[in-house]
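Atoms within each ligand, like the ligands themselves, are counted from 1 in listed order. All of these numbers come straight from a predicted model, not from anything done at the bench.
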Amino acid sequence: MTNDAKTRLADVRDAMARVCKTAGRAPGDVSLIAISKTHDADAIRPLIAAGQRAFGENRVQEAEGKWPALLAETPGIELHLVGQLQSNKAEEAVSLFDVIHSVDRSSLIAALAKAQAKTGRHPRCYLQVNIGEEAQKGGCAATEVPALLAEARAAGLDVVGLMAVPPADTEAAPYFALLAKIARDNGLTQLSMGMSGDYEAAIMLGATQVRIGTALFGSRG
Ligand SMILES: *Cc1c(COP(=O)(O)O)cnc(C)c1O
């Protein structure tokens, strides 16, 4: 399995570098977050051994179960929360994660601010935008971004950019382009967009962080 992980990581990094070159971007412009949700520590360790340092999870509780031990083994790992966050989990999230990609409403901003004050930790944050206006999905409306951004900053959150998950089963590129425009309009430079099936398009359209699970770990079964 160790060799598998190594090969997959090298393949994804090669593809990212190739697209960066095509897009006229420096390879270092785009960072890779390995999304390890549903995979256990034994599946994660080979990627750490291969040099990967940024990892993402979508559930606070699952991350609390496996990451403290992994973090103790290897210094310098950066942990990202990419899934919906309930306000009552804000303190646990702030305590464990270095970056939170799913800030999308006033009540959560207030809870995160309180958690920051209590823990003394200040994770970098992304505002999540519901870019396809899908009823079941997290994220704020595109029109809410300026007000939420102002509110988050006033509350002391370190908002660095925007995150989105485009609608499934449709061409993602127009949504990536739209997210990039909203970020530009709001003076935000970081764009968390692109997953296993569409990260090349995302990089072409300005992604600065791609979140990749399946292409690194294999299918989640
Ligand atoms: C699971 C997940 C990913 C990774 O998806 P893959 O298709 O497995 O690469 C990226 N972003 C979010 C928010 C996710 O929940």
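D11 has its side chain out of reach of L9: every pair of non-hydrogen atoms, C-beta onward, lies at least 4.5 Å apart.
Of the protein's non-hydrogen atoms, K37 NZ, 1.4 Å is the one closest to atom 1 (C) of ligand 1. Closest to atom 9 (O) of ligand 1 among all protein heavy atoms lies S196 OG, 2.5 Å. When hydrogens are left out, the protein atom nearest atom 5 (O) of ligand 1 is M195 CE, 3.7 Å; that is the closest non-hydrogen contact.
With a 4.0 Å heavy-atom cut-off, ligand 1 is reached by no atom of H101.
The backbone N or O of A215 lies less than 3.5 Å from a partner atom in the side chain of S196, making a donor-acceptor pair. Without hydrogens or angle criteria, S36 side chain to F55 main chain gives no donor-acceptor distance under 3.5 Å. Distance alone, capped at 3.5 Å, is enough to place a donor-acceptor pair between the N130 side chain and the E133 backbone.
Each of the atoms 9 (O) of ligand 1 lies under 4.0 Å from some heavy atom of I212. Listed by number with element, the atoms of ligand 1 under 4.0 Å from a non-hydrogen atom of V82 are 12 (C), 13 (C). Listed by number with element, the atoms of ligand 1 under 4.0 angstrom from any heavy atom of T214 are 6 (P), 7 (O), 8 (O), 9 (O). Heavy-atom proximity to R211, at under 4.0 Å, picks out these atoms of ligand 1: 4 (C), 9 (O), 10 (C), 11 (N), 12 (C), 13 (C).
By the 3.5 Å distance cut-off applied to N or O atoms, G213 is counted among the residues near ligand 1. For R220, a nitrogen or oxygen atom sits less than 3.5 Å from a nitrogen or oxygen atom of ligand 1, counting backbone and side chain alike.
For the side-chain hydrogen bond (donor to acceptor under 3.5 Å, both in side chains) test with E57, the passing option among H80, K37, K66 is K66; the others fail.
In the displayed structure, E73 atom CD is contacted under 6.0 Å by more than 12 heavy atoms of other residues, nucleotides or ligands.
For T119 and E91, the side-chain atoms include no donor-acceptor pair closer than 3.5 Å.
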